[in-house]
J.: 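The structure that follows is given in the form of structure tokens.
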Amino acid sequence: MSEIETNETERQARYNPAEIEPKWQARWDADPKLYTAEGHDSGKPKFYCLEMLPYPSGQLHMGHVRNYSIGDALARFMWMRGHNVLHPMGWDAFGLPAENAALKNNTPPRDWTLQNIAAMKKQMRRMGLSYDWSTEVATCLPDYYRWNQWFFLKMYETGLAYRKKSKVNWCPDCQTVLANEQVVNGRCWRHEDTIVEQRDLTQWFLRITKYADELLDGLEKLEGWPEKVRTMQRNWIGRSEGALVNFAVEGGSSKEATADPSTSLRSAQDDTAGGTGQSAQGDACSVITVFTTRVDTIYGATSVQLAPDHAVAKAFAAEDADLAAKIEALREEQKKARESDDFGAIEKHGVNTGRFAINPFNGERVPIWVGNYILADYGTGAIMSVPAHDERDFEFAQKYGLPVRRVIAAEEGEQPDLPFTAEENAVLINSREWDGLSCTEAQQKMAAFAKQNGFGEPTVTYRLKDWGVSRQRYWGTPIPMVYCENGHAGVEPGGVVALPASALPVLLPESIEITQEGGSPLGKVPEFLHTTCPVCGGPARRETDTMDTFVDSSWYFYRYTDAKDDTTPFSSEKANYWFPIDQYIGGVEHAILHLIYSRFWTKVMRDLGMINNDEPAERLFTQGMVIKDGAKMSKSKGNVVSPDDMIARYGADATRMYALFAAPPDRDLEWQEEGVAGISRFLGRVYRLANKYAETTRLGRIPSLVSRTQTDQALLRTLHQTIAKITLDFSGRWHFNTSIAAIMSLVNEIVAAEAAIDAGQASPAAVAEIVRNLVLLLAPFAPFFAAELWEQIGEEGVVFRTPWPVADEELARENEIEIPVQVNGKLVNVIKVPADADQDEIKAAALADEKVKARVEGRNVVKVIVVPGKLVNLVVK
RNA sequence: GCCCGGAUGGUGAAAUCGGCAGACACAGCGGACUUAAAAUCCGCAGACCUUAACCGGUCGUGGGGGUUCAAGUCCCCCUCCGGGCACCA
């Protein structure tokens with residue numbers, strides 16, 4: 001062979017992703033039906049594979065690459081297993097960055113967003129992701145957001161959407177309201193340095209608390225979700241059973257309290273559907289309702305504690321300037337502490353109002369205090385303080401010298417030190433007729449007693465609050481409500497009127513100047529603002545707030561099933577075929593926000609009769625973060641690795657495969673470029689092998705494996721073991737790192753057998769079988785690569801529509817296995833025995849081994865442990 | 001403070017049911033090919049001790065204890081790292 005020919009051959013056999021990937025990308029793009037799901041009559045089992053849709057920032061990052069590589073491998077695998085796969089993608093396209101970009105570059109948010117979508121879509125195609133673009137959803141387009149409006153009207157009709165004035169979290173940077181879920185340690189979730197302020201605004205709310213119990217109970221059934229996510233949601237919902245008890249205020253109040261709705265006696269219950277009726281609405285100051293989970297300790301209550309914002313505290317303050325100043329100081333302390341990271345560390349302060357309340361159980365007068373550690377927005381904003389049985393109350397009582405009275409005792413044994421907070425094996429004492437009851441029993445009976453006598457009731461309190469969805473932003477879904485200037489019969493002027501569905505969509509005005517000034521930008525667009533009332537035809541103003549973008553992502557995956565529908569959000573028939581999502585994949589950072597709203601929205605749609613499923617997703621997978629130099633990739637740390645760079649250097653296949661190989665998908669992944677290079681080298685080896693045996697593979701398709709050579713047998717055994725292993729990995733554990741390692745081992749073995757193959761010691765049919773299956777095994781991980789080799793070895797059809805290989809147990813079986821032999825637990829030798837050898841045979845073989853004999857000689861074999869297929873351990877003395 | 005993860009060679013990791021710890025890679029070292037280098041291929045490779053070398057030995061999965069013939073894996077205690085919740089009454 002001449003030198004020129006050698007070079008020529010080498011060049012041909014060289015793996016060049018820069019050439020083959022664009023080639024296949026172009027071919028796939030030319031076939032728009034390639035990844036299109038079939039209908040419900042396909043006769044195949046359905047599989048809905050979903051990755052969380054990205055915000056169109058304009059750039060894919062490594063977190064996306066990882067997320068989508070996992071989803072894509074799974075989707076392709078399921079296709080090869082004969083499923084009807086829905087694998088869609090879309091854009092969470094409303095949101096603040098588009099407005100910020102508009103300010104900065106003077107680009108309209110819409111243009112900026114659509115450009116970014118185009119750029120990211122191109123990157124996704126370059127990655128070779130198997131999305132069905134015919135179902136693409138962009139939430140910022142009217143054909144999507146009109147259905148947000150439609151849902152809003154439905155919720156308004158059914159009482160799930162309502163308006164109330166309330167204290168809201170206001171981010172001065174975003175110039176808008178944030179949901180509780182978007183406030184992290186008193187700061188904005190998007191602006192770590194910005195302290196969230198409290199403002200009073202009238203806002204639209206969605207009554208998610210109506211579903212609090214179902215959202216909580218449903219978690220039990222979500223076995224395909226990570227326990228971690230379920231726990232986070234449980235904590236977030238924060239269900240707490242207890243009782244409300246009314247303490248009469250001694251002497252009542254001379255003035256009517258100017259009760260703020262958010263701090264009324266039942267503020268927490270305002271959020272639940274309707275509430276359950278409660279007295280004391282008339283004179284807010286004649287009664288203090290406390291919430292307690294330990295009504296059984298009420299005989300030990302030695303004070304009542306109010307939040308500084310409590311209506312009664314305000315009423316007292318109104319009569320006493322000195323007290324007002326002290327309460328104001330407490331309020332300030334509380335506010336500061338809430339804004340800092342550690343509200344929990346606040347030093348407890350309080351002030352005695354000098355007034356008294358009456359414990360309805362024993363008629364005792366207890367002083368009313370205001371405490372800086374009492375939260376206005378949890379429970380009723382008032383507690384009964386039982387120092388003997390609550391750590392916080394104990395601390396407070398010690399500080400201010402309040403009495404401590406033990407009313408709970410351990411059932412048996414010595415009485416523990418105070419505060420004694422246990423409920424298990426504890427009984428009531430010093431509680432008159434309740435003495436001797438267990439805590440749990442007393443809690444129920446005493447709450448029921450309170451209800452019978454009209455001074456309380458059992459109740460349930462949640463940490464979860466109704467979802468405030470109003471945002472004073474431009475780039476979001478307009479809320480489809482108007483305020484009629486004339487008013488209507490029975491409705492005050494400025495009455496709230498819902499638009500009819502026929503008026504939808506309420507379009508976002510196209511030309512708008514974005515400024516940084518506060519208030520809703522839509523309020524400055526006269527042609528948007530001024531409209532007519534759908535009821536009376538008179539002048540009306542539109543609602544100028546837009547919806548929280550979490551509305552968009554709460555139901556987008558239903559739209560995928562019927563993305564072009566212009567008469568309904570989606571067809572129930574289609575949704576019921578595809579739902580629930582079989583596998584949802586995304587980052588754990590959405591464990592509470594997105595994933596709890598999605599569950600809520602699903603239940604609402606079910607109750608509207610649109611779908612049958614109770615939960616959106618059967619299984620959820622949360623992948624780990626991508627780390628570089630030990631830290632999360634971020635611009636500020638300067639450790640960002642660009643997917644484009646990686647793809648340019650090593651190709652999409654190597655980049656994707658590395659993302660799967662470097663760590664199990666649920667763990668954090670340290671990005672090391674050398675690792676990507678390693679994968680690229682591995683693919684190069686496979687490429688060379690497949691090329692070398694391409695001819696043999698083409699010709700060797702005859703099923704002539706009757707007489708197998710030793711080489712055939714050894715290679716086929718490893719092949720079928722590998723098939724079995726990878727198939728198993730896909731079925732649940734998803735440790736693709738070990739799947740890929742197994743393929744590497746197979747390749748190493750083929751390379752080691754090359755000399756034998758070339759010497760004619762392998763049959764062409766076996767070589768063909770191995771090369772062909774090797775390509776199939778790689779198809780979910782490296783689709784461009786597999787498609788190219790599939791063609792080169794002369795196969796017809798689309799590689800990732802070819803049936804996934806089935807492991808042949810016969811071929812995979814070892815006929816001889818290695819058994820380690822230990823003496824007193826230490827490895828002495830490894831012996832070979834037939835795979836089907838029984839205990840006695842293995843034992844005999846072990847005892848006959850020379851090394852073992854030498855070790856045992858002169859000592860007593862006390863015991864022989866034989867674990868067939870595993871090991872032998874001789875216990876020797 | 002409470003609840004979940006995690007800690008294994010120089011690095012990423014593997015060991016799926018209590019059974020050979022370190023598969024598979026990366027980086028490294030040695031060799032082949034080359035005028036040379038790159039690429040590629042072959043080989044070595046947990047630490048320590050012993051030896052001229054082979055051979056051989058000891059230790060070793062964050063630390064300490066325990067169960068077991070056998071522990072990275074199970075039990076108890078502790079340390080550190082990451083995440084979530086947190087005066088939620």
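Per chain, numbering begins at 1; letters A, B, ... match sequence-line order. Side chains included, hydrogens not; waters and symmetry mates left out as well; all remaining heavy atoms used.
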J.: Measuring to OP1 and OP2 of B/C88, would you say a side-chain N or O of A/T293 lies under 4.0 angstrom away?
T.: no
J.: Would you give me the side-chain donor-acceptor pairs under 3.5 Å for residues 673-681 of chain A, sequence neighbours excluded?
T.:
residue: A/E673; atom: OE1; partner: A/R649; partner atom: NH1; Å: 3.4
residue: A/E673; atom: OE2; partner: A/R649; partner atom: NH1; Å: 2.7
residue: A/E673; atom: OE2; partner: A/Y650; partner atom: OH; Å: 2.9

J.: Do we see a donor-acceptor contact under 3.5 Å between the side chains of A/Y299 and A/N359?
T.: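 Note: A/Y299 and A/N359 side chains miss the donor-acceptor criterion.
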J.: Where do N or O atoms of nucleotides 54-60 of chain B meet protein N or O atoms at under 3.5 Å, pair by pair?
T.:
residue: B/G57; atom: OP1; partner: A/R855; partner atom: NH2; Å: 3.4

J.: Closest nucleotide of RNA chain B for A/M625 versus for A/D390: which of these residues is on the 5' side?
T.: A/M625
J.: Among all residues two or more places apart in sequence or in another chain, which pass the salt bridge (charged side-chain N to carboxylate O under 4.0 Å, His left out) test with A/K853?
T.: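 If we apply the salt bridge (charged side-chain N to carboxylate O under 4.0 Å, His left out) test to A/K853, skipping adjacent residues, the hits are A/E850.
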J.: Between atom NZ in A/K832 and atom P in B/C20, what is the gap in whole Å?
T.: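 Rounded to whole Å, this separation is 18 Å.
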J.: Distance alone, cut at 3.5 Å: any donor-acceptor contact between the side chains of A/Q334 and A/N372?
T.: no
J.: Applying salt bridge (charged side-chain N to carboxylate O under 4.0 Å, His left out), name anything that partners A/E332, two or more places apart in sequence or on another chain.
T.: none
J.: Take atom P in B/U67 and the same atom in B/G9, then report the distance between them in whole Å.
T.: 27 Å
J.: Which whole-number value in Å describes the distance from A/K725 NZ to B/C24 P?
T.: 13 Å
J.: Under 6.0 Å from the CD atom of A/E816, do we count more than 12 heavy atoms belonging to anything else shown?
T.: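 Yes, CD of A/E816 has more than 12 neighbouring heavy atoms, counting only those of other groups under 6.0 Å.
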J.: Output the rounded distance in Å from CD1 (A/I627) to C1' (B/G83).
T.: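 It is 12 Å, rounded to the nearest whole Å.
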J.: Holding to salt bridge (charged side-chain N to carboxylate O under 4.0 Å, His left out), I want the full list of residues that pass it with A/D390, two or more places apart in sequence or in another chain.
T.: A/R392
J.: Quick one: label A/G238 by what it contacts on the DNA or RNA (base, sugar-phosphate, nothing), any heavy atom closer than 4.0 Å.
T.: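 Nothing, no nucleic acid heavy atom in range.
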J.: Tell me which of A/E395 and A/E674 sits closer to the 5' end of RNA chain B, going by the nucleotide each one is nearest to.
T.: A/E674
J.: Side chains of A/T738 and A/K725: do they bring a donor and an acceptor to under 3.5 Å?
T.: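 A donor-acceptor contact under 3.5 Å links the two side chains.
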J.: With a 6.0 Å cut-off (strictly less than), is the heavy-atom count around NZ of A/K870, excluding the residue itself, greater than 12?
T.: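 No, because the 6.0 Å sphere around NZ of A/K870 holds 12 heavy atoms or fewer from other groups.
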J.: Residues two or more places apart in sequence or in another chain: which of them pass ring pair (Phe, Tyr, Trp, His ring centres under 6.0 Å) with A/Y693?
T.: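 With neighbours one apart ignored, the set is empty.
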J.: For B/U16 and B/A23, measure between their C1' atoms and round to the nearest Å.
T.: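 So the two C1' atoms sit 14 Å from each other.
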J.: If I take atom CD in residue A/Q721 and atom C1' in nucleotide B/C24, what distance separates them, rounded to the nearest angstrom?
T.: 16 Å
J.: What's the verdict on salt bridge (Lys or Arg N to Asp or Glu O under 4.0 Å) for A/K692 and A/D758, showing C-alpha distance, side-chain angles and the deciding distance?
T.: CA-CA 10 Å; A/K692 181 172 175 183; A/D758 295 348; 2.9 Å; yes
J.: Ignoring hydrogens and angles, state whether a donor on the side chain of A/R599 or A/Q233 is under 3.5 Å from an acceptor on the partner side chain.
T.: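 Judged by distance alone, the side chains do pair up.
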J.: Specify the separation, in whole Å, of atom CG of A/L306 and atom C1' of B/A89.
T.: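 Checked: the CG to C1' distance equals 13 Å.
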J.: Could you list the residues that satisfy salt bridge (charged side-chain N to carboxylate O under 4.0 Å, His left out) with A/D666, not counting sequence neighbours?
T.: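 Counting only residues at least two positions away or on another chain, A/D666 forms no salt bridge (charged side-chain N to carboxylate O under 4.0 Å, His left out).
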J.: For A/D666 and B/G83, what is the distance between atoms CG and P respectively, to the nearest whole Å?
T.: 17 Å
J.: Taking only residues two or more places apart in sequence, or in another chain, which ones meet A/T231 in a side-chain contact (heavy atoms from CB on, under 4.5 Å)?
T.: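 Partners of A/T231 by the side-chain contact (heavy atoms from CB on, under 4.5 Å) criterion, ordered by chain and then number, come out as A/E227, A/R234, A/N235.
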J.: Is it the case that A/Q721 and A/E814 place a side-chain donor and acceptor less than 3.5 Å from each other?
T.: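 A pair is found: one side chain offers a donor N or O, the other an acceptor, under 3.5 Å apart.
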J.: Generate the contact string for nucleotides 4-14 of chain B. Rules: B means base contact, S means sugar-phosphate contact only, - means no protein heavy atom under 4.0 Å.
T.: S------SBSS
J.: I'd like the P distance from B/G60 over to B/C48, given in whole Å.
T.: 15 Å
J.: For atom P, what is the distance between B/C78 and B/C4, given to the nearest Å?
T.: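 These two P atoms come out 15 Å apart once rounded.
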J.: So which protein nitrogen or oxygen atoms get under 3.5 Å of nucleotides 66-71 of chain B's nitrogens or oxygens?
T.:
residue: B/C69; atom: O2'; partner: A/N873; partner atom: ND2; Å: 3.3
residue: B/C69; atom: O2; partner: A/N873; partner atom: ND2; Å: 2.7

J.: Could you write out each protein N or O paired with an N or O of nucleotides 38-47 of chain B at a distance under 3.5 Å?
T.:
residue: B/A39; atom: O2'; partner: A/R14; partner atom: NH2; Å: 2.9

J.: Output the pairing pattern of RNA chain B as a dot-bracket string, 5' first, Watson-Crick or G-U wobble with both distances under 3.5 Å, | for cross-strand pairs, [ ] for crossing pairs.
T.: (((((((..(((......[....))).(((((.......))))).((((......))))..(((((..]....))))))))))))....
J.: Would you kindly give the CZ-to-C1' distance between A/F396 and B/A89, to the nearest whole Å?
T.: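 Distance, rounded to whole Å: 14 Å.
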J.: Considering only side-chain heavy atoms of A/R392, which listed nucleotide, B/C88, B/G19, B/C85, is closest?
T.: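 The answer is B/C88.
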J.: Could you measure between the two C1' atoms, the one in B/G19 and the one in B/G31, and give it in whole Å?
T.: 38 Å
J.: Determine the Euclidean distance between corresponding P atoms of B/A7 and B/C17; express it in Å to zero decimal places.
T.: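 The answer is 15 Å between these two P atoms.
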J.: Would you call the rings of A/Y658 and A/W671 parallel, tilted or perpendicular, where under 30° means parallel and over 60° means perpendicular?
T.: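 It falls in the perpendicular class, over 60°.
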J.: Considering only atom C1', compute the distance from B/A45 to B/C26 and round it to an integer number of Å.
T.: 14 Å
J.: B/C17: syn or anti, with syn meaning chi within 90° of zero?
T.: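 Here B/C17 takes the syn form, which means its glycosidic angle is within 90° of 0.
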J.: More than 12 heavy atoms of other residues, nucleotides or ligands under 6.0 Å from CZ of A/R855: is that the case?
T.: no
J.: Could you tell me how far apart A/I817 (CD1) and B/G19 (P) are, to the nearest whole angstrom?
T.: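 From A/I817 CD1 to B/G19 P: 15 Å.
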J.: Taking the side chain of A/N748 as heavy atoms from C-beta outward, which of B/A25, B/C88, B/A89 is closest to it?
T.: B/A25
J.: In whole angstrom, give me the gap between the P atoms of B/U79 and B/G63.
T.: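 The answer is 15 Å between these two P atoms.
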J.: Around atom CD of A/E424, are there more than 12 heavy atoms of other residues, nucleotides or ligands at under 6.0 Å?
T.: no
J.: Glycosidic conformation of B/G57, syn or anti, with 90° from 0 as the boundary?
T.: anti
J.: Which of the following nucleotides, B/C24, B/C85, B/G84, is nearest to the side chain of A/W236?
T.: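 Side chain of A/W236 sits closest to B/C85.
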